[in-house]
Amino acid sequence: CSPIIEAFDRWAVSTPLPWHGTASVLLTALESHRTIDDRERGWPRAANALSSILRRMAPNLRRRGVVVEFDIRMGGTGKREIRISRSTSS
């Protein structure tokens with residue numbers, strides 16, 4: 001299993017959803033939920049790498065009831081947000 005998905009699952013349990021923020025902020029948040037050996041198992045070193053992993057994981061997360069939306073523009077800053085929420089469909 002991916003170290004990101006494991007950390008993401010631990011993070012999602014302790015974080016109220018919906019959540020929104022940049023990939024950099026999410027990477028920092030996930031850092032506190034990773035295990036010691038995650039760095040060796042492919043832990044992303046940069047926010048763009050995390051974003052890429054999340055894009056690939058999004059369909060699986062959606063099947064598990066978690067919706068991940070990308071490239072939400074933050075007004076006037078040029079930054080893009082990621083939004084993470086629980087699915088409302090059954």
Side-chain angles (χ1 to χ4, degrees):
C1 189
S2 162
I4 289 295
I5 197 81
E6 292 171 3
F8 184 90
D9 285 344
R10 288 188 291 270
W11 171 83
V13 167
S14 64
T15 303
L17 297 181
W19 178 92
H20 59 90
T22 64
S24 296
V25 171
L26 182 57
L27 181 58
T28 300
L30 292 177
E31 287 282 336
S32 65
H33 295 279
R34 71 182 179 97
T35 62
I36 301 293
D37 66 338
D38 284 341
R39 181 67 70 181
E40 291 78 33
R41 292 179 41 216
W43 190 263
R45 296 176 191 265
N48 63 334
L50 173 63
S51 187
S52 177
I53 291 167
L54 283 177
R55 285 177 194 280
R56 290 191 307 270
M57 288 175 24
N60 291 332
L61 290 170
R62 198 169 20 258
R63 282 191 285 277
R64 294 169 54 194
V66 177
V67 177
V68 182
E69 300 172 275
F70 298 91
D71 299 329
I72 312 299
R73 293 278 178 193
M74 295 173 70
T77 67
K79 294 182 180 183
R80 291 175 289 182
E81 279 189 334
I82 297 171
R83 286 192 187 149
I84 302 170
S85 59
R86 302 249 182 246
S87 174
T88 56
S89 63
S90 312

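FYI, side chains are in, hydrogens and waters are out, and symmetry mates aren't considered; it's all heavy atoms of this structure. Residues: numbered from 1 along the sequence shown.
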#### Entry: Within residues 48-58 or reaching into it, pairs that qualify as salt bridge (Lys or Arg N to Asp or Glu O under 4.0 Å) - sequence neighbours excluded
R55-D71

### Task
Only pairs at least two apart or in different chains count here, so list each salt bridge (Lys or Arg N to Asp or Glu O under 4.0 Å) that has a residue in residues 14-29.
none

In Å and rounded to the nearest 0.5 Å, what is the [atom1] to [atom2] distance from [X] to [Y]?
{"X": "L27", "Y": "L54", "atom1": "CG", "atom2": "CG", "value": "9.5 Å"}
{"X": "M57", "Y": "L50", "atom1": "CE", "atom2": "CG", "value": "8.0 Å"}
{"X": "E69", "Y": "H20", "atom1": "CD", "atom2": "NE2", "value": "11.5 Å"}
{"X": "E6", "Y": "R34", "atom1": "CD", "atom2": "CZ", "value": "13.0 Å"}

#### Entry: Worked verdict on S51 versus R80 for side-chain contact (heavy atoms from CB on, under 4.5 Å)
CA-CA 11 Å; S51 187; R80 291 175 289 182; over 6 Å; no

For residues 59-68, please give each side-chain donor-acceptor pair under 3.5 Å, one per line with the distance, not counting sequence neighbours.
from : atom 1 : to  : atom 2 : distance (Å)
N60  : OD1    : R63 : NH2    : 2.2
R64  : NH2    : D9  : OD1    : 2.6
R64  : NH2    : D9  : OD2    : 2.9

### Query
Is the side chain of S32 donor-acceptor paired with the backbone N or O of T28 at a distance under 3.5 Å, no angle test?
no

### Message
Using the side chain to side chain contact (heavy atoms under 4.5 Å, CB included) criterion, which residues pair with A49? Sequence neighbours excluded.
### Response
P44

### Message
Using the side chain to side chain contact (heavy atoms under 4.5 Å, CB included) criterion, which residues pair with T15? Sequence neighbours excluded.
### Response
W11, W19

### Task
Indicate yes or no: at least one non-hydrogen side-chain atom of R10 is less than 4.5 angstrom from one of T35.
yes

#### Entry: Shortest non-hydrogen separation from P3 to W43 and the atoms involved
O-CZ3, 3.7 Å

